[in-house]
Structure formats: structure tokens, C-alpha cells
Amino acid sequence: MIKHAVTRPYNFPSISLKNPRINHNYKQLLRSCEDLKSLLQIHAQLLVSGIKFDDSINTHLVKSYTLFDKPDIARLVFDFSENPSVVLWNSMIRGYTRTNQNREALFMYQKMRESCVKPDKYTFTFVLKACTGTLNLEMGLRVHEELVENGLESDVFVGTGLVDFYCKVGKLDVAKEVFEKIPDLDVVAWNAMIAGFSQSVEPFEALRIFYRMQLAGIEPNLVSLLNLLPAVSKLSSVHSCRAIHGFIIRRRFPHFVLNGLIDMYSKCGDVDSARLVFNRMFGRDDVSWGTMMAGCVRNSCFVEALELFDCIKREKLELNQVSAVSALLAAAEIRDFEKGREIHEYCVRAGIDSDILVVTPLMTMYARCGELEKAKQVFEDIPRKDIVVWSAVIAAFVQNGYPKEGLSLFREMVRGNLKPNRVTVMGVLPACGETSDINLGKSIHCYMLKSDIGLDVSTGTALVAMYAKCRLFSFAHTLFSRLPQEDVITWNALINGYAQFGDGNRAMEMFHQLRAAGHYPDSGTMVGVLPACATMNALEQGTCIHGQILKFGFEADMHVKNALIDMYAKCGSVTTAEYLFNEPEFTKDEISWNIIISGYMQNGRAKEAISAFHQMRSEGVWPNLVTIITILPAAAFLAVLKKGMAIHAYVVHTGFGSNVLIGNSLIDMYAKCGRLDYSEDYFDQMKNKNSVSWNVMLSGYAIHGLGKAAVAHFHRMQETCVEVDSVSFVSLLSACRHGGLIEEGRKVFHSMSLEHKIEPKLEHYACMVDLLGRAGELDEALNFIQKMPMAADAVVWGALLGASRMHSNVQIGEIALGHLVNLEPENAAHHVVLSNIYAQSGRWGDVRKMRKSVRSMGLKKTPGCSWVEIKNEVHAFKAGDQTHPQFDKMRRLWNDLQEKMERIGYVADTSCVLHNVEEEEKESFLFSHSERLAIAFALLNTEPGMPINIVKNLRVCLDCHITIKLISQITGRKIIVRDASRFHHFEKGTCSCNDYW
């Protein structure tokens with residue numbers, strides 16, 4: 001049988017009109033109430049006794065009910081009062097502010113004025129608190145005017161309320177004026193000023209006021225210090241930290257102030273000093289542990305945070321919410337699923353696993369570790385899901401890169417008839433921006449306007465950011481201009497919006513407007529502006545922003561540092577990017593490594609990118625999905641098959657293999673490393689192919705010159721109902737041109753617009769010109785260009801020029817060069833091609849004129865470069881380079897090979913040598929071609945019979961092509977060469993291109 005708990009009735013004597021002594025003690029009875037039930041019993045007795053309720057009784061009742069968080073009952077007491085006095089009005093207004101119902105407090109003040117009750121200084125103090133709570137500047141200004149009329153502006157209590165109000169609404173200059181007018185400043189007034197400036201963009205002013213306070217003879221108290229700590233944290237001034245530390249020690253403040261010191265040191269980036277304070281503390285409590293763990297997480301010391309958790313567990317200490325949250329965030333950051341699960345179990349034993357503060361990072365941890373189902377299970381296990389829980393889970397999914405899942409949960413919540421609140425809206429709006437779901441974003445905006453959520457700085461900023469991410473900048477600007485007040489974060493939303501969509505000029509314009517409006521940039525501003533500089537390739541502007549970062553003290557911020565490295569790398573200043581990346585004090589995360597790897601790739605330094613990848617792993621930083629997608633193209637570019645396969649092994653080990661982006665990158669890597677068979681195998685095994693997967697495979701067939709296989713693959717795409725796009729046709733036409741499929745190429749090109757409704761672009765026309773030109777149809781190719789619906793670009797005319805060289809057509813070559821000179825005046829390669837055509841025709845006078853013209857314009861031809869991977873090391877060779885340590889051996893080997901080639905009928909084709917010199921000298925020039933140097937080196941340094949993989953940055957010349965065929969026959973080696981155009985598989989004296997390339 002269940003026994004119901006019975007609350008012991010409150011023991012008090014009966015109240016009646018005949019007992020004046022008891023009637024006089026009702027105040028003491030009301031004050032002695034320990035719970036709401038006792039208060040209700042006393043109130044009932046007062047009603048039953050028939051005692052007259054005067055202002056004094058009603059005032060005590062109003063105060064008592066608001067203390068028990070029952071302002072609605074207090075309001076009933078007030079409403080039944082006859083002619084309430086100013087004291088009763090004050091009690092009701094104060095009751096509303098105490099329970100954070102500030103709008104109701106202001107409404108009561110309006111009613112008070114309408115009732116012709118004159119407010120006193122306490123009324124104004126409470127009303128100002130309500131204005132502060134609602135950030136109601138208009139009402140606050142009216143109250144200020146009334147204070148001036150009543151001569152109360154200089155009163156220390158009222159003046160302090162005004163100071164606090166103006167600080168909170170961002171009017172620091174007015175707050176200063178009011179403060180200076182107060183004649184007798186007390187410690188509370190000084191504390192209000194310190195707090196106001198600590199939370200502002202002028203934290204240094206808080207330190208100055210703290211100093212002035214002591215000069216004025218006012219001794220700072222505990223509140224003074226607690227108000228000052230955020231200012232020191234904002235300034236990231238370790239020197240100030242130490243000064244405050246000494247101040248605390250000299251004045252013997254309570255030991256719990258040391259928790260604030262730990263927090264302050266941590267926020268200033270000096271986690272070692274924070275740990276020293278923590279280690280020396282006597283009587284550490286759960287707050288101390290939580291603060292220290294939070295400091296470790298803030299400074300990316302995730303392993304140290306988890307070690308502190310292990311200490312708590314080992315010593316069987318109490319695990320509070322802050323410690324649990326910090327431990328979970330640390331596990332999430334390093335993707336330590338096992339440790340995260342261990343922390344979850346400890347939270348269950350501590351009974352805090354259902355606390356919303358813990359549930360959110362718990363779901364975050366599982367989401368970051370890729371365990372979406374477990375994250376959802378945590379949510380499902382919560383017994384009563386109110387709006388707070390729904391808001392938390394939506395935010396957790398959105399903030400961890402799962403906006404679609406966040407939106408799905410939001411729709412499920414709405415279907416359950418739960419009305420979104422301000423927090424829900426703030427969580428779901430970024431998801432609308434990330435998924436470009438503008439219809440839902442607009443619906444939420446309308447809901448906000450109709451509901452009582454309203455537009456303030458935070459909600460307005462979220463809306464501005466959403467519209468900016470959806471590219472509706474006119475909406476974003478209109479909303480921005482209508483906000484009652486904007487802060488630096490609102491400006492950041494616009495700056496980031498423009499930067500993300502490549503409009504660097506507008507982003508910089510918004511940055512300058514921010515400064516002109518009197519706002520100071522924060523770290524988020526810099527993270528938005530730096531990509532804008534990178535977009536514009538504006539190194540000079542980026543360097544100026546770097547200077548401002550140093551000026552404002554943001555250089556220690558990891559996000560800012562990463563953005564700086566990224567900007568310098570994208571602007572081509574890799575040396576500066578490396579310098580910043582390698583600074584000893586810089587704690588690198590996986591994003592930092594991804595940026596430097598990506599930077600190397602963007603600047604054509606694939607070898608350094610792979611080295612950075614290996615260094616990243618050696619330093620214990622786990623590569624993530626982005627790392628793999630960034631590094632695989634490096635292996636593909638260098639055609640380093642062994643390194644690519646090692647990365648593939650890591651992918652399998654980490655479970656990334658099921659990711660379609662990784663799969664597509666692996667198909668591309670194997671194709672570009674010459675192993676198209678591996679690409680085909682992986683493609684066939686992929687379970688989740690998308691249109692990109694099919695296009696990548698199609699591109700693989702194209703670069704290997706397998707035209708018929710490409711056409712068959714294209715037909716499979718259509719049979720499988722895979723959507724073909726513009727990229728598909730570029731690859732298919734490229735395969736046709738390499739495979740010599742003239743008629744098939746014509747059909748494919750015409751089918752684009754007729755059957756697939758895809759309008760050909762310049763790249764498609766370039767493929768067709770190359771296709772026709774290679775087949776010797778130069779007049780048709782020229783006619784094709786002249787009928788194009790848009791002006792031909794350098795790629796199109798370059799294709800025609802290349803075909804002219806192939807067929808020694810001087811006339812069309814000169815026409816093509818005439819256009820190329822206008823389109824790419826600084827590209828020497830085009831002049832070199834025409835020189836080749838002249839040389840092939842024996843027109844050496846024209847060759848000399850062309851060479852003289854190139855020299856006079858200061859143009860330089862891109863030097864030929866080839867590289868080969870031997871024993872896990874990439875060896876690069878430039879044309880004409882004789883500095884290699886093994887050059888003499890390579891020369892002797894080549895002479896031996898040349899003798900063997902001449903015995904079987906080899907005669908050097910010197911038509912590509914642009915010098916009018918003796919044939920023997922021309923043959924010597926041919927040996928210096930970079931691919932020959934690479935092949936000679938590979939033959940010397942690999943076992944007989946092993947395949948050789950060479951990559952060249954330019955197209956293989958005719959004589960080198962003949963030579964490599966013969967070498968493959970003489971040595972019995974398979975030699976794979978990837979030039980700027982395609983792959984050549986040389987084996988037993990033949991090439992896969994069938995001499996058509």
C-alpha cells in the first residue's frame with residue numbers, strides 16, 4: 001500500500017480580532033514561512049479571521065508570494081487592495097522584476113502613473129531594473145527624464161541603477177556621464193561601472209575604473225573582483241591576470257575566488273598557470289574541478305581534461321554538470337567514442353544523465369563520433385520532452401554538421417503541437433541557411449513576428465545570417481537596417497555571408513562600414529574578412545588585416561590563426577603560411593593540418609602536402625574526412641601509387657570507406673596512378689554511388705584513352721537512370737578525342753542539346769575542336785569555332801593550335817596564335833608550338849623571329865618536368881638538368897640503350913628541337929628531356945621487370961614517344977607515362993594510344 005506523504009501543518013495560534021497581540025505578530029508569521037503551503041495557510045487564516053487587510057499586510061503578502069515565485073497570486077492580493085500606496089506598488093513591481101517578468105513590471109509602472117500615485121526613488125530603482133531586463137531603451141530614457149525632473153539623478157541608489165541600465169543597453173558614454181554626476185559614490189556604483197565595461201568592447205576601461213576606484217579610497221570587494229575578471233579574460237592579458245592574482249592573495253579573499261582565477265588564466269590562454277593555482281588549492285570542490293576541466297577544453301587540452309575526469313572517477317569525487325560537459329566535449333573533439341561512452345555511464349551513476357545541460361554535449365559527442373543513432377537514442381530516452389529538450393537536440397545536430405537531421409526533428413516537434421520558442425528558433429535558423437531552405441526560413445521569420453519572440457540583437461542576427469547564407473542579401477540588409485540595435489556579431493553575419501559566396505569586395509566594404517559605425521571587430525570578424533582577402537587574391541589587404549589582428553590581440557585565437565594560414569596559402573605566400581603554422585606556441589588541430597595540406601595542394605606542392613600528412617599522423621592528430629579528401633588528390637597528382645594505397649588502408653581502418661566522397665576520390669586516385677583496373681574494382685564495389693562517382697569513372701576512361709569503354713560506361717549510366725550532366729559530356733568527348741572516335745564524338749555533341757537539353761559550354765567546344773583537329777579536319781575545326789554561339793577562349797584556340805602542330809599546318813597555326821596572343825599574351829607555350837610548326841616546315845628564319853619575339857616580350861616557356869616514385873620517395877627531373885648525383889650513370893645507360901635502339905632501326909625525330917644546329921647536337925638535346933632522365937634513373941634504381949610509372953607536366957614529344965616504346969621492348973619493362981594530355985601504357989614496343997594522342 002502506498003502511503004502519501006503528509007506535510008505537517010504550520011503551528012501558529014488562531015488569529016482573531018479579539019487577540020490584538022496575535023494580530024500584531026502577523027508580520028513575524030509571514031516572515032517565518034518556510035514554504036508556499038505555510039504561506040497559504042497563514043493567508044487563509046487571515047481571511048477567515050476577518051482581519052482588515054491594510055497596505056502593510058498586503059505588502060508583506062506580495063513580498064512573500066514573489067519570494068516563492070508566485071507573482072500571479074501576489075497580483076491577486078494587489079488587485080483586491082483598495083488605494084494601494086506607493087510602497088505596495090513598489091513591492092508588486094519589484095516582485096515582477098525578482099521573478100524576471102520585467103514586461104509585467106513595466107506594465108505595473110504604467111498603471112501606477114495612470115492611478116496618479118507618485119513614484120519614489122525606490123520605484124525608479126525597480127523600474128530601471130525592469131528596463132535593463134527588457135533592454136527597453138525608450139522606456140529607460142523616459143524614466144531618466146522623470147528622475148531629472150524629480151532631482152533624483154544624483155542619488156547614489158537611483159544613479160547606480162541608471163549606470164547599470166545604460167551599460168547593459170550599450171550606451172557606455174551616457175553611463176559615464178551619469179556616473180560622474182553622482183557625488184557620493186559607493187562600492188556598488190563603482191562595481192556597476194566595472195561590470196558594464198567588462199562586458200563591453202572596451203574591457204581595458206574596466207581595469208582603469210578599478211584603478212580609479214582605489215585612488216578614490218573605495219576598497220574593492222568580492223563583487224568588484226568578480227565583475228573585473230571578464231575584462232581581463234577578454235583582454236587575454238596574462239600580465240593583468242598575475243596582477244589580480246597578487247591583489248587577491250594580499251587581501252585574503254575567500255578561497256572560492258581561486259576558482260575565478262583558474263577561469264581567468266584559462267581564458268587568457270595560460271592554462272599552465274591555471275593548473276598551478278588548481279594544484280595548490282586547499283579544499284578543492286566540484287566547482288574547482290569543473291572550472292579546471294572547462295579551461296583545458298577551452299585551450300584544446302582535451303587529453304588533459306580527460307585525465308582530470310579519470311582523477312575524479314578514481315578518487316570517487318562528485319561529478320557535477322560542468323565537469324561532465326567538459327569531459328564530453330573533450331571526448332567529442334578527439335572523437336574518442338569509448339571514452340565518451342565511459343563518461344556517459346558515469347553520468348548515469350551520478351544521476352545527471354537526464355540533465356539538459358549534460359544531454360546536449362552527450363548528443364554532441366555521439367554525433368561527432370559519427371554515432372547518429374546513439375545520439376538519437378539519448379534523445380528518445382528522455383522521459384518528458386519539453387520545448388527545452390527539443391531545442392537542445394535540434395541545436396546539437398545542427399551545430400555538429402547535421403542540418404538536415406536538425407530540420408527533420410524540428411518538423412517532428414511542430415507536428416507534436418509544441419510551439420517553438422526563442423531558443424528553438426535560434427537553433428533551427430542556421431540549419432535553414434546551411435540547407436538553403438529559404439521557405440522554412442521565411443516561415444520561421446513570420447512565426448517570430450506573430451509570436452512574442454520578437455526581434456532583438458540575437459534573433460535578428462540569426463535571421464540576417466540565414467538570409468545571407470541563402471544569398472538573399474537584399475532581405476538580409478533590409479532586416480539589418482530595421483534592427484533596433486546591432487552588434488559586431490550582426491555585422492559578422494553579413495561579412496561572412498558575402499565571403500562565403502565569393503564576393504570579397506562586398507565583404508571588405510561591410511568590414512569598413514563596421515569600423516566607421518564605431519564598432520570594434522572581434523575574432524569572428526577576422527575569420528570572415530580573411531577568406532574575403534583570399535577570394536580576391538588580395539595579399540596586401542590580407543597583410544593589413546593581419547596587422548589589425550596583432551593590434552587587437554586575436555593572434556592566439558585558433559580560428560583566427562587557421563584563417564590567417566589559409567589566407568596566406570591561397571594568396572600564394574606559402575612561406576608565410578608555413579611560418580605561422582610552425583610557430584612553437586601554436587597548438588594545431590585537425591583543421592590547421594587540413595589547411596596547410598590544402599595550401600600546399602593549391603600551390604602545386606603535392607610532395608609537401610604528403611609530407612605534412614605523415615607529420616600530422618606522427619604528432620598524434622587523427623586525419624578526418626576532410627584530410628583524406630584533401631590528400632588523395634596529392635597522391636593522384638604525383639601518381640605515387642604506394643602512398644595512395646597506404647591512405648586507402650587508413651580509410652578502411654577508420655571506417656571512412658563507406659563515405660561516397662572518399663570513394664570518389666579513391667576512384668580518381670587509382671585512375672591517375674595508372675591503375676584503372678583498381679578504379680573499376682572499387683567502383684563496382686561501391687554501394688552508395690552518386691552521379692559524381694559515375695563521372696569520375698568516366699573521366700578515368702578518358703585520360704587512359706579508352707574511348708569505347710567510356711561510351712559503354714555512358715550507356716550504362718543512362719540504363720541505370722543516373723543523371724548525366726555537363727561534366728559527363730566533357731569526359732565522354734575527351735575519351736572520344738583520345739580514342740579517335742570521330743563520328744561517335746559528333747553524335748555525342750549533338751545529343752547534348754537535342755536529347756539531354758544541356759547547352760554545350762566552352763569546354764565541350766574545345767573537346768570537339770581537338771577531336772576534329774587530331775583527325776586532320778582542320779578546316780572543319782576552324783569553321784566549327786567560327787560558328788560557336790560564344791567567343792572562343794584560349795583553350796579552344798589552343799586545341800586548334802595543337803592540331804596545327806600535329807599536322808604541320810602553318811596557316812591555321814598562325815590564325816590560332818593570333819587569337820591566343822590577345823587572350824593570353826604572357827603565355828610563351830603558344831609561341832613555342834608555332835615555332836615547332838615552323839621548324840617542322842624548315843622555316844628557320846621564322847623560328848628565329850619567333851624566338852626573338854618571345855625574348856623581347858620577356859616570356860618564358862614552362863620547363864618540362866617529370867617525376868617518378870622509387871622506394872617511397874618522389875624524384876623529380878627538369879629538362880636539361882645535369883646536376884643529379886647519378887647523372888653520369890644515367891648517361892652511360894642511355895648511350896647503351898640508344899645503341900640497341902639504333903640496331904633495330906631507331907632514327908631520332910629531331911623536328912621538335914627548335915635549334916638550327918647539326919643533327920647530332922639535336923639528338924643530344926633530346927636526351928635532356930625530363931621523361932628520359934626519369935626513365936634512366938628508374939631503370940638504374942629498380943629491379944628488372946618492375947613496372948615504371950612516370951608523370952610529366954607537358955605533352956610527350958613524338959621522339960620521346962617512339963623512344964619509350966623501344967625501351968619497353970628492349971628492357972621488357974612496362975612503362976606508364978601520364979603526360980598533360982593522357983596516359984600512355986608502353987609495353988613490348990607498343991603504346992596504348994596506338995600512336996594517336
Practice task
Using atom types as modelled and distance alone, determine if a side-chain donor or acceptor of S598 lies under 3.5 Å from a backbone N or O of I595.
Solution key: no
Exercise for the section: Could you list the residues that satisfy salt bridge (Lys or Arg N to Asp or Glu O under 4.0 Å) with D725, not counting sequence neighbours? Expected result: none
Practice task
Only one of H985, H984, R978, H738 passes side-chain hydrogen bond (donor to acceptor under 3.5 Å, both in side chains) with H704; say which it is.
Solution key: H985
Problem - Spatial distance of atom CD1 (I628) from atom CD1 (I647) [nearest 0.5 Å] - result: 6.5 Å
Exercise for the section: Kindly say whether V874 contributes a backbone atom to a donor-acceptor pair with the side chain of K607 at under 3.5 angstrom? Expected result: yes
Problem - V696 backbone acceptor or donor facing D668 side chain under 3.5 Å - result: no
Exercise for the section: Give a yes or no on this: more than 12 heavy atoms of other residues, nucleotides or ligands lie within 6.0 Å of atom CD of Q718. Expected result: yes
Exercise for the section: Sequence neighbours left out, what passes side chain to side chain donor-acceptor pair (under 3.5 Å) with R892? Give chain and number order. Expected result: none
Practice task
Check whether any side-chain heavy atom of K643 sits under 4.5 Å from a side-chain heavy atom of H614, and report yes or no.
Solution key: yes
Practice task
Give a yes or no answer on whether the side chain of N953 reaches the backbone of C865 with a donor-acceptor pair at less than 3.5 Å.
Solution key: yes
Exercise for the section: Give the C-alpha distance, both sets of side-chain angles, the deciding distance and a yes or no for side chain to side chain contact (heavy atoms under 4.5 Å, CB included) between Y701 and L732. Expected result: CA-CA 9 Å; Y701 287 124; L732 184 57; over 6 Å; no
Exercise for the section: Determine yes or no for a side-chain-to-main-chain donor-acceptor pair under 3.5 angstrom, with S968 supplying the side chain and R973 the backbone. Expected result: no
Practice task
If the plane angle is over 60° it's perpendicular, under 30° parallel, otherwise tilted; pick one for H819 and W797.
Solution key: parallel
Handout entry: Side chain Y678, main chain C673, donor-acceptor under 3.5 Å
Key = no
Handout entry: Test salt bridge (charged side-chain N to carboxylate O under 4.0 Å, His left out) applied to R746 and E743, step by step
Key = CA-CA 5 Å; R746 284 194 177 106; E743 289 307 315; 2.6 Å; yes
Exercise for the section: Work out which heavy atom in S592 is nearest to a heavy atom in F581; give both atom names and the distance. Expected result: O-CE1, 3.6 Å
Fill in the blank from the handout: Taken to the nearest 0.5 Å, the spacing of I935 CD1 from I967 CD1 works out to 5.0 Å
Donor-acceptor pairs under 3.5 angstrom involving side-chain atoms of residues 798-809: please list them, not counting sequence neighbours.
from: S804; atom 1: OG; to: L800; atom 2: O; distance (Å): 2.8
from: S804; atom 1: OG; to: G813; atom 2: N; distance (Å): 3.4
from: H807; atom 1: NE2; to: G773; atom 2: O; distance (Å): 3.0
from: H807; atom 1: NE2; to: R774; atom 2: O; distance (Å): 3.1
from: H807; atom 1: NE2; to: G776; atom 2: N; distance (Å): 3.4
from: S808; atom 1: OG; to: Q840; atom 2: OE1; distance (Å): 2.9
from: N809; atom 1: OD1; to: Q811; atom 2: N; distance (Å): 3.3
from: N809; atom 1: OD1; to: I812; atom 2: N; distance (Å): 3.1

Problem - Heavy-atom pair of closest approach, residues I758 and V724 - result: CD1-O, 3.8 Å
Fill in the blank from the handout: Heavy atoms of A938 and V868 approach each other most closely as CB-CG2, 4.3 Å
Problem - Flag if over 12 foreign heavy atoms under 6.0 Å of CG, N895 - result: yes
Completion exercise
Note: G864 and L954 closest approach over all heavy atoms is CA-CD1, 3.6 Å
Practice task
Would you check if the side chain of S665 reaches a backbone N or O of L661 as a donor-acceptor pair within less than 3.5 Å?
Solution key: yes
Exercise for the section: Decide side chain to side chain contact (heavy atoms under 4.5 Å, CB included) for W593 and W622; before the verdict, give the C-alpha distance in whole Å, the side-chain angles of both, and the deciding distance to 0.1 Å. Expected result: CA-CA 10 Å; W593 286 101; W622 285 90; over 6 Å; no
Exercise for the section: Could you tell me whether K878 atom NZ has more than 12 heavy atoms of other residues or ligands within 6.0 Å of it? Expected result: no
Practice task
Starting at CD of Q602, measure out to CD1 of I597 and round the result to the nearest 0.5 Å.
Solution key: 12.0 Å
Problem - Steps toward salt bridge (charged side-chain N to carboxylate O under 4.0 Å, His left out) verdict (R605, E578) - result: CA-CA 13 Å; R605 294 170 62 173; E578 287 177 318; 3.5 Å; yes
Problem - Audit row: E869, N949, side chain to side chain contact (heavy atoms under 4.5 Å, CB included) steps and yes/no - result: CA-CA 7 Å; E869 182 188 20; N949 274 26; over 6 Å; no
Exercise for the section: Would you confirm whether H764, through its side chain, and K761, through its main-chain N or O, come within 3.5 Å as a donor-acceptor pair? Expected result: yes
Practice task
Could you tell me the separation between the CZ atom of F714 and the OG atom of S731, rounded to the nearest 0.5 Å?
Solution key: 10.5 Å
Practice task
Could you tell me whether the side chain of T630 and the main chain of N594 form a donor-acceptor pair under 3.5 Å?
Solution key: no
Problem - Check: K689 side chain, F683 main-chain N or O, donor-acceptor pair, under 3.5 Å - result: yes
Practice task
Using only heavy-atom distances, determine whether the side chains of Q886 and N941 contain a donor-acceptor pair under 3.5 Å.
Solution key: yes
Handout entry: Side chain proximity check, N690 to N664, heavy atoms < 4.5 angstrom
Key = yes
Exercise for the section: May I ask you to test the P623-R617 pair for a side-chain heavy-atom distance under 4.5 Å? Expected result: yes
Exercise for the section: For the residue pair F887 and L933, establish whether any side-chain heavy-atom pair is separated by less than 4.5 Å. Expected result: yes
Exercise for the section: Determine whether more than 12 heavy atoms belonging to other residues, nucleotides or ligands lie under 6.0 Å from atom NZ of K672. Expected result: no
Problem - Student check: side-chain heavy atoms of M890 and L893 closer than 4.5 Å - result: no
Completion exercise
Rounded to the nearest 0.5 Å, the CG atom of L698 sits from the CD1 atom of I703 at a distance of 11.0 Å
Exercise for the section: Return yes if a side-chain donor-acceptor contact under 3.5 Å exists between H648 and Y682, otherwise no. Expected result: no
Exercise for the section: Any chance you could measure S726, atom OG, to E763, atom CD, to the nearest 0.5 Å? Expected result: 5.0 Å
Exercise for the section: Kindly indicate, with the supporting measurements, whether the criterion side chain to side chain contact (heavy atoms under 4.5 Å, CB included) is fulfilled by Y906 and D959. Expected result: CA-CA 10 Å; Y906 166 69; D959 187 71; 3.0 Å; yes
Practice task
Can you spot which of P760, C767, S751 makes a side chain to side chain contact (heavy atoms under 4.5 Å, CB included) with F729?
Solution key: S751
Practice task
Considering non-hydrogen atoms only, spot the tightest contact between E931 and C957 and give its length.
Solution key: OE2-N, 4.3 Å
Practice task
Flag the pair Y765 / F749 as yes when their ring centroid distance falls below 6.0 Å, and as no otherwise.
Solution key: yes
